[in-house]
Amino acid sequence: MARVFPQAAISSPYMSTERETFTVWMKSLVYQTNGLTVYNSNGEITYRVENYDKCSNEVHIMDLHGNILFTIRKKKLWLFGSWYVYRECGSFTSTEEVKPFVRVKRSSIRDGDWEVRDETNEVFWILRFDPKFAFQIIDIHGDIIAQVKPKQSSNGITLGEDVLTLEVKPRVDHSLVVALVTVYGLIKGVV
């Protein structure tokens, strides 16, 4: 399986040798309900999330064709919860014990930040910029893997709170980054 920040050659259609820039619209493609739609730099839809029930503890990240790539489930633990991201490799039921690909939980280091731990126990962090929907995903060395910020037009005008720019470093699984953006959106209550 591809890791978030692999050192191996690129073998996934969800990775590139170049820096990737996406536009994230924090609306569902269908009926403009809860969810998000991700466009590549050519304006083509690459990922989407449909969340018809905002109180749902489970959402799916799909490609353009509706194939499920990841399932995200919220696990309630005391006052706070953790988010589990499962790589979709066949169907499973909620009673089966399947190890999550990634787990996201509140960071104990800085208030408002989130710890991301993958299946190999590698740690990353989601660091927020400000109260708006802007953040970075960094690795253990402090290197920026991905960054989300409000999208601006070429003349510097912000396009709205629900239109974002997602920049992903080369050789990073951008489908998993989209999963982390979705988790952050669920945490903030906008997906």
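Counting heavy atoms from C-beta on, the side chains of Pro170 and Arg19 come closer than 4.5 Å. Looking only at side-chain heavy atoms (C-beta outward), Lys27 and Thr37 stay at 4.5 Å or farther from each other. A heavy-atom distance below 4.5 Å is found between the side chains of Ile137 and Val177. Between Phe70 and Val102, the closest side-chain pair of non-hydrogen atoms is not below 4.5 Å. Contact of the Val181 side chain with the Phe135 side chain is registered, since non-hydrogen atoms from C-beta on lie closer than 4.5 Å. Contact annotation: the side chain of Glu161 never approaches that of Phe133 to less than 4.5 Å [non-hydrogen atoms, C-beta and beyond]. Lys151 has its side chain out of reach of Leu164: every pair of non-hydrogen atoms, C-beta onward, lies at least 4.5 Å apart. Using a 4.5 Å cut-off on side-chain heavy atoms (C-beta onward), Thr182 and Val85 make no contact.
Smallest separation of non-hydrogen atoms from Met26 and Val190: CE-CG2, 3.6 Å. Here the closest heavy-atom approach between residue Ala134 and residue Lys149 is recorded as CB-CA, 4.2 Å. Taking each heavy atom of Asp118 and Thr120 in turn, the nearest pair found is OD1-OG1, 2.7 Å. Heavy-atom minimum distance, Trp114 versus Lys105: CE3-C, 3.1 Å. Between Lys169 and Asp143, the closest heavy-atom pair is NZ-CB, 4.1 Å. Between Ile61 and Ala179, the closest heavy-atom pair is CD1-CA, 3.2 Å.
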Determine, step by step, whether Val148 and Tyr184 satisfy the side chain to side chain contact (heavy atoms under 4.5 Å, CB included) criterion, reporting the C-alpha distance in whole Å, the side-chain angles of both residues, the deciding distance to 0.1 Å, and the verdict. CA-CA 11 Å; Val148 175; Tyr184 195 75; over 6 Å; no

Val168 vs Val178, test: side chain to side chain contact (heavy atoms under 4.5 Å, CB included). Steps then yes/no. CA-CA 10 Å; Val168 182; Val178 169; over 6 Å; no

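A salt bridge links Asp173 to Arg87: at least one charged side-chain nitrogen sits closer than 4.0 Å to a carboxylate oxygen.
Going from atom CZ of Arg48 over to atom CG of Leu69 covers 10.5 Å, rounded to the nearest 0.5 Å. Taking CH2 from Trp125 and CG from Leu180, the interatomic distance works out to 14.0 Å, rounded to the nearest 0.5 Å. Between the OH atom in Tyr39 and the CD1 atom in Ile45 there is a gap of 4.5 Å [rounded to 0.5 Å]. For the atom pair CD1 of Ile144 and CG of Leu127, the computed distance is 9.0 Å after rounding to the nearest 0.5 Å. To the nearest 0.5 Å, the span separating CD on Glu44 from CG on Asn42 amounts to 5.0 Å.
A parallel orientation is assigned to the rings of Tyr86 and Tyr84, their planes being inclined by less than 30° (bins at 30° and 60°). Tyr14 and Tyr47 have tilted rings, their planes meeting at an angle from 30° to 60° on a 0 to 90° scale.
Screening Arg73, Lys74, Lys75 for a salt bridge (charged side-chain N to carboxylate O under 4.0 Å, His left out) involving Glu58 leaves a single residue, Arg73.
For Arg103, there are no salt bridge (Lys or Arg N to Asp or Glu O under 4.0 Å) partners at least two apart in sequence or on another chain. Glu115 is linked by a salt bridge (Lys or Arg N to Asp or Glu O under 4.0 Å) to Arg117, counting only residues two or more places apart in sequence or in another chain.
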